[in-house]
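As the structure lists them, so they are numbered: ligands from 1, and atoms in each ligand from 1. These numbers come from the heavy atoms of this one structure, side chains and all, not from hydrogens, waters or symmetry mates.
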Amino acid sequence: MSNRRRFLRQAVFGSLALSNPAFLAGKTPPGKTPKGALPVVIATWDNRKATAAAWEILKNGGRALDAVEAGARVPEADPNDTSVGYGGFPDRDGFVTLDACIMDELGRAGSVSCLQHIMHPISVARKVMEQTPHVMLVGEGALQFALNQGFKKENLLTDNAREAWEKWKITSKYKPVINWERHDTIGIVAIDKANNVSGACSTSGMAFKMHGRVGDSPIIGAGMFADNDAGVAACTGLGEMVLRTMTSYLAVEELRRGAHPQKAAERAIMRIIEKMPEMAKENQIGIVVLDKRGRHGAYSVQPGFAYALYQNDENKAFEAKSYYTK
Ligand code: GLY
């Protein structure tokens, strides 16, 4: 393991373990939560602030759709989160361009891609779903729609992100860093007390990407997929690999065929490893999966993928099992 990766692992999991004895003890492994323990919300990475925001809605009998939107808005508004929303690293030309999607229990979906200047792309995606006959709006059209809906135009490029971009320009390398900055995309999925599922996904995408690049996060079935007959899944990591195997859709289809969420997560990740073995050696994909019974699963290509789970009034972070080990 390289020094950088070792450092990142220590930074992430050192803090997790300190704040969470259950994490250290390895308790509550994926999929071992009791059947029927609803509501439940799970997010990629240690996004416990996001699951907490979602829980405020779920515990009071609120709708999973409202919960996942509220959860995704937390990192979107955090200037210290350099891979989602405000504070996200820009593309190679210095533009912060955001991708997001959302899906509800009725099978409705909304998505925005390459959206600039709007802090909460997840809420714009929801407006696309609820206020238009379309599923996806991109670029200038998405921005115009957001402004028409009353969203505020803002500068999302923080000083920190600008400095990182200036530094990147010296070498201009695209190589993604595994488990970069603790996480990249937030994918957040939930089941409410009424046993309805919803999911959301939001990101500023690959740091210093080509202008116009779209990853998996706004693509329904890639970065996230929800089906109220089966369950819901969301992904994080290098979007190009997720796009080529429709990872979230695949996991939900596994649920439909009767798989436990942990098996569904593992099979979806295995498809990536089988189809792109060389890319998989050097890149990270993580997935979280929930089924209709409130059971969950999580799995990743590389070690170091964390997820946050709020269930039974407890908000905890765990490290997922992975194909490659430490
Ligand atoms: N998973 C985020 C991206 O690749 O854009």
With sequence neighbours left out, which residue pairs that include part of residues 146-162 fulfil the side chain to side chain donor-acceptor pair (under 3.5 Å) condition? none
Those atoms of ligand 1 less than 4.0 Å from some heavy atom in S217: 1 (N), 2 (C)
Looking only at N/O atoms, are D99 and ligand 1 under 3.5 Å apart anywhere? no
What about G239: any of its N or O atoms under 3.5 Å from an N or O on ligand 1? yes
Would you find more than 12 non-hydrogen atoms of other residues, nucleotides or ligands less than 6.0 Å from K275 atom NZ? no
Between E56 and K59, does any side-chain N to carboxylate O distance fall below 4.0 Å? yes
Can E240 be said to touch ligand 1, with heavy atoms closer than 4.0 Å? no
E76 versus S202: any side-chain heavy-atom pair under 4.5 Å? yes
Could you tell me whether T185 and ligand 1 have an N or O pair separated by under 3.5 Å? yes
Out of all atoms in ligand 1, which are within 4.0 Å of some heavy atom of M206? Include the element for each. 5 (O)
Proximity of M241 to ligand 1 by residue part, where a heavy atom lies under 4.0 Å: neither
Looking only at protein heavy atoms, which one is nearest to atom 5 (O) of ligand 1, and what is the separation? R213 NH1, 2.6 Å
Should G237 be counted as touching ligand 1, given the test is an N or O pair under 3.5 Å? yes
Ion pair E163/K167, N-O distance below 4.0 Å: no
Which distance, rounded to the nearest 0.5 Å, do you find between the CD1 of I118 and the OG of S123? 10.5 Å
Check this for me - ligand 1, T203, N or O atoms closer than 3.5 angstrom, yes or no? no
Give the atom numbers and elements of ligand 1 that come within less than 4.0 Å of a heavy atom of D216. 1 (N), 2 (C), 3 (C), 4 (O)
D93 and H211 side chains, donor-acceptor separation under 3.5 Å: no
In terms of relative ring orientation, are F225 and Y249 parallel, tilted or perpendicular, with 30° and 60° separating the classes? perpendicular
